[in-house]
Amino acid sequence: WKRARTECEKVHPGCLWLAETVHRSFNAYCRREGMYSARDTEAYEAFDIEYEYDVREVFDAYLRGEAPLSHWLDTLCFQEAVYPENYNKLRFLENHDQPRIASLVPSEGDLKNLTAMLYFLKGTTLLYAGQEFRNTHLPSLFEKEPIDRDMGYDLSRYMRRLYEIKRDVLGSDDDFAARADDERHIAVLERVGAGGKKVGVFSLRSACGDASVPLADGIYKNHIDSEPVVVEGGTLRCGGQPLILTEG
């Protein structure tokens with residue numbers, strides 16, 4: 001792949017290289033059976049972006065209630081520690097090989113929090129056709145199955161706003177950290193870079209409660225809906241809706 005990239009650059013410079021790397025367990029299985037399987041750290045030698053299958057199994061375990069939120073968030077922090085400084089992960093909730101996220105997370109409030117968190121994460125956001133309509137049926141790759149646009153929901157406007165925040169507010173060149181309130185399933189994510197500090201609070205079970213945040217006391221604007229958010233004593237009140245705040 002390194003040779004392929006070098007040769008392609010000669011005739012068509014500037015291509016973006018995406019690797020569909022494999023689940024962590026399959027990578028380990030291949031090596032155990034004597035078959036070569038490139039680790040994600042190796043793949044970055046030739047590719048710009050990689051699928052996030054290295055942490056997908058932990059995410060799936062969390063959705064099934066078999067792992068705490070903190071375990072999933074810890075794997076995201078681990079990515080920050082082991083990959084190159086400019087690493088780029090393809091972030092997704094569903095794709096052509098994975099179950100529809102709406103079939104796993106039926107609550108609209110929970111799904112909106114999870115979707116906002118998806119955009120907040122460092123990396124490139126992947127949306128799968130029909131995700132905006134909360135499609136629950138995973139279409140076949142070999143049969144004609146048009147997207148159902150009449151599900152009664154359309155998150156297109158919401159996703160467009162999250163994209164604008166990702167592009168204009170979050171940027172890409174910064175450090176990432178995360179911590180969890182396992183009892184209430186609230187994720188607090190932090191990104192710090194030249195553009196200041198960005199904090200996301202995502203209630204993945206739409207629960208209300210106080211959340212400890214790494215922000216100075218004051219009044220902030222939630223970039224998603226422009227509503228004011230008060231931080232006092234390093235704590236804010238989470239009303240079950242996703243929050244994206246900036247400082248500096």
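Quick caveat: nothing in here was measured; it's all calculated off a predicted structure.
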Flag the pair [X] / [Y] as yes when at least one side-chain heavy-atom distance between them is below 4.5 Å, and no otherwise.
X      : Y      : answer
Arg56  : Arg24  : no
Asp174 : Lys198 : yes
Phe176 : Leu189 : yes
Val201 : Leu236 : yes
Tyr128 : Arg100 : yes
Arg31  : Tyr36  : no
Leu114 : Phe59  : yes
Phe120 : Leu170 : yes

Exercise. Got a sec, which pairs hit salt bridge (charged side-chain N to carboxylate O under 4.0 Å, His left out) with one end in residues 1-19, sequence neighbours left out?
Worked result: Lys2-Glu45, Arg5-Asp48, Glu7-Lys10
For this session: Please test Tyr83 against Tyr44 for ring pair (Phe, Tyr, Trp, His ring centres under 6.0 Å), starting from the C-alpha separation and ending with a verdict.
Result: CA-CA 8 Å; Tyr83 293 134; Tyr44 275 122; 5.5 Å; yes
Considering only NZ, NE, NH1 and NH2 on the basic side and carboxylate oxygens on the acidic side, decide whether [X] and [Y] come within less than 4.0 Å.
X      : Y      : answer
Glu52  : Lys89  : no
Glu80  : Lys122 : yes
Arg191 : Asp175 : no
Arg39  : Asp54  : no

Exercise. Should the pair Tyr53 and Tyr51 be assigned to parallel (<30°), tilted (30 to 60°) or perpendicular (>60°) ring geometry?
Worked result: parallel
Could you tell me whether the side chain of [X] and the main chain of [Y] form a donor-acceptor pair under 3.5 Å?
X      : Y      : answer
Tyr220 : Thr246 : no
Asp154 : Phe133 : no
Asn222 : Ile244 : yes
Asn113 : Gly240 : yes
Glu132 : Gly130 : yes
Arg134 : Ile101 : no
Asn135 : His137 : no
Lys166 : Leu121 : yes

For this session: Give, for atom CD of Glu232 and atom CG of Asp210, the distance between the pair rounded to the nearest 0.5 Å.
Result: 10.0 Å
Minimum heavy-atom separation for [X] to [Y], with atom names?
X      : Y      : answer
Leu162 : Ala116 : CD1-CA, 3.7 Å
Ser37  : Cys30  : CB-CB, 3.7 Å
Gly234 : Asp217 : N-OD1, 3.1 Å
Leu73  : Ala180 : CD1-CB, 3.6 Å
Leu90  : Phe92  : O-CD2, 3.3 Å
Asn88  : Gly123 : OD1-CA, 3.4 Å

For this session: Check the pair Tyr158 / Ile224 against side chain to side chain contact (heavy atoms under 4.5 Å, CB included), numbers first and verdict last.
Result: CA-CA 8 Å; Tyr158 182 65; Ile224 299 176; 3.9 Å; yes
Exercise. Do Ser203 and Gln241 have side-chain atoms, one donor and one acceptor, less than 3.5 Å apart?
Worked result: no
Exercise. If you measure only the distance, is there a donor-acceptor pair under 3.5 Å linking the side chains of Glu164 and His223?
Worked result: no
Seminar exercise, completed: Residues at least two apart in sequence or cross-chain that pass side chain to side chain donor-acceptor pair (under 3.5 Å) with Ser206, listed by chain then number, are Asp110
For this session: Let me know which of Trp72, Tyr62, Phe202 forms a ring-ring contact (aromatic ring centres under 6.0 Å, His included) with His185.
Result: Tyr62
